[in-house]
Amino acid sequence: MMSRLILLIFIFPASHLACHVRGSRNQNGERLGVEPASEVTAEGRAGPRPPGGRWSRGVPLDCRGAYWAKMAAMTKALPRRLVGLASLRAVSTSSMDTLPKQVKIVEVGPRDGLQNEKNIVSTPVKIKLIDMLSEAGLSVIEATSFVSPKWVPQMADHAEVLKGIQKFPGITYPVLIPNLKGFEAAVAAGAKEVSIFGAASELFTKKNINCSIEESFQRFDAILKAAQSANISVRGYVSCVLGCPYEGKISPAKVAEVTKKFYSMGCYEISLGDTIGVGTPGIMKDMLSAVMQEVPPAALAVHCHDTYGQALANTLMALQMGVSVVDSSVAGLGGCPYAQGASGNLATEDLVYMLEGLGIHTVSPPTPWWRQP
Amino acid sequence: MMSRLILLIFIFPASHLACHVRGSRNQNGERLGVEPASEVTAEGRAGPRPPGGRWSRGVPLDCRGAYWAKMAAMTKALPRRLVGLASLRANIVSTPVKIKLIDMLSEAGLSVIEATSFVSPKWVPQMADHAEVLKGIQKFPGITYPVLIPNLKGFEAAVAAGAKEVSIFGAASELFTKKNINCSIEESFQRFDAILKAAQSANISVRGYVSCVLGCPYEGKISPAKVAEVTKKFYSMGCYEISLGDTIGVGTPGIMKDMLSAVMQEVPPAALAVHCHDTYGQALANTLMALQMGVSVVDSSVAGLGGCPYAQGASGNLATEDLVYMLEGLGIHTGVNLQKLLEAGNFICQALNRKTSSKVAQATCKL
C-alpha cells in the first residue's frame, strides 16, 4: 500500500521569527523579538478542523553554551538511552516498504531562509525567488511573515511580496503570523493560509513570546477562531522538539502534549521542528513515537535544521516512521543566530535528491476539501 | 554488557588515491592514477584468513539490549579499530603537517587511521612522502595505521617502512577498473592475489575496498549482484574486511539497502564496511541505512576532506565529526573525543587554507 509522503517545505518565517528572541536588539538598539500577542480568549476548540491551519514559531538556535551544559549535566545523571542499532534495525525491516510513492514538497526558503540573512533582500528579488520556486514545481511555498518590521526588518515588505508574487493554481503560499493583528494584515493582503508558532519548551516560549505555553495556546485560539470564520487554513509549528537551547533535553511526552493541543484547536497540520538541529535519528524516533500516539501521522510534518549535519538522516527516520510531510529550504538557507557560521535548514535540493533516489515522486497535492467548489 | 559494534574507519589516502584516476594529469602534464600493477599469478586463494584473522576496525561501542548482546557474542573476539581518512588533494601538504594530523587523530581516540599510500609519486605526488610519514607518526598502542598499496612493489615498500596492515582497491565496475588501473576486474583479482599471498607470508592484514558500489561515473547504475560478486571474491581471497564505497556519492538509502541485501547474501555483515561520499549530501542518511542493515564498520574523514574529481566543487567524504555526533546521539559509544577531533579538523583545514565540510565543526566554530 502506497502512502503519500507529503513534504511541506516551510522555513521562511518560522525560524526567522525565532531568531529575534526577546532580549536581542537591532542596530537601532530597539528590542527584537516576537511582537506581543493580543489578548485572546481562554476558550479552546476541538472538533473538526477549521478551514486553515495553525501557527508555529521556530528559532534556529545555537546549541552551544547553555544547551550543552545542560545536556552534559543531564546525560551524566541519566542512564544512557539505548536507541542504537536494535531500534534502527527494527525500523529498517519494513521501512522501505512503507515509504510513499508520492510526496508533496513545500519550500520555506523565502521566509525562514532569507530571514537569517544580514542584508535586506529587495522585494523584487524575493518575488522572483518565489516565482522561480513555483515554476520548479513546489506546491507549498511559505512566502513571508506578517510580523512587525520593528522585530523582523527583513520581512517588512510582507504585503508587497504576497501581492506581487504569481499565484500559480494548485500552489499555496502560506504566511507566518505572530498574532491576531498579523493575521488580519495577512488576510487583507490576500493570504489564504497562515502559520502559527509554538514550542515544546516553557523557557523557550517565555523567552520568545514572553508567556507560558498555556498562555500561548490562549492567544492562538483567537487566531484559529478568526481563521475558521474567514475560511483560512492554519498550520501549526512546534519548536524545539528534539532539544532546546535553554532547557536542553525535551521530553517526547511534552512534544506530544503540545502537538495534540494544536491539532485539537484546529490546526490541520503540525510541523515538528528540530529548531537548533541537535537531534539525531534515535531521538527523532522517540519523539515521533510519542506524538503519533496523540495525533495521526498524516497530520504531522518534520522540520529539520542541519546545524550538526543530521537533517537528512533525521528526515529519513521520520519517513520510516510514517511522516509524510517535510519542511526544507532552497539552498539550505537559514543558518542559526546562536551558532555563527552554522549551516541552516535541510536543503530542498538534497531532500529532493534523496526522495527521487527512493523512487518517491513529488507532485502537487489534490485540492483540499475546503477549497473545492 | 559491552560490545563494540560500530567501527569508524578513518581512511587517509584511500579516496585520495581514488581521486587521481587514470586520465587526470598533474601540473607537469603527467598522467595520474594508480600505478600499474606488476604481473601476478592467476591463482586465487580461499580458505583460512591470513594472519591477523578476521579483523574488524572500528570504535569501541557501548551496547546494551538483546541486539547488542548478540553482536557482542559474534564479534567479541574481533578487535575494533578506527581507521582515519584524510584525503589531502589540493596543495601538497608537508610531511610534518601530515604527521601532526595523524598524531592528533590518534589522540582523539580514533583506533584505525589509514596513514598514507605507497603509490608511485609519479601518480600521486601528495603521497610521495609515504615512508617518512609512516615512520614519523607516533604509533599509539591499540591503534592501527594501515596504508594503501597498489601492487606488490608498493606492498614491499610499505612493509619495509613498518606497515602492519595494508589496503587494496578494486571496483564493481569494469569500465572504472579499466580506466583506473588499465585492466579488467578479473585481471585485478590476479594482481591482488600475489599481494594477499605475500601478506599472508608476512603476517600482514589486508583490507579490501570496492569502489562504485552505488554508481559509476562511466557505467552509471551498478548491479547489486556485481558488487556482491566482487566483494565475495575479495573475502574469499583473504581480505579480512571489505569496505563498500559509494565513490561518487550518488547513492541514496534505497540503493544502499538493495546493494547490502545482495552483498550480505555472500559475505557476513561483520566483514563489511561502508564508505560514503557526501557529494550529494546523502552520506549520513546512507550510513544510517547501512547501520540499520547490520553493517558495523563505517569509513569517514575528518573535516569531511575528500572531494570528487568528477564534480568540481563537490563535497568530500562523510565527515567524522558529523558521524560521531550521530552515533553518540544514538547512544552508541565511540571512544572518540569529539573536541579533540574538532581540533584535528581545524588544524588540517588551517594548514590547507580551506573551510571544513563538517557541519558539527561549522556549528561550533566562531566567526
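Heavy-atom basis, side chains included; hydrogens, waters and symmetry copies ignored.
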Worksheet entry | Residue pairs involving residues 346-355 of chain A (criterion salt bridge (charged side-chain N to carboxylate O under 4.0 Å, His left out); sequence neighbours excluded) | none
Worksheet, complete the sentence: Correct closest heavy-atom pair for B:K359 and A:G309 would be CB-N, 3.2 Å
Item to complete: Of all the heavy-atom pairs spanning A:L316 and B:P253, show the shortest one and how long it is.
Response: CD2-CG, 3.8 Å
Worksheet entry | Donor-acceptor contact below 3.5 Å, side chain B:Y325 vs main chain A:T280 | no
Fill in: Contact check, side chains of A:M317 and B:Q292, non-hydrogen atoms, under 4.5 Å
yes
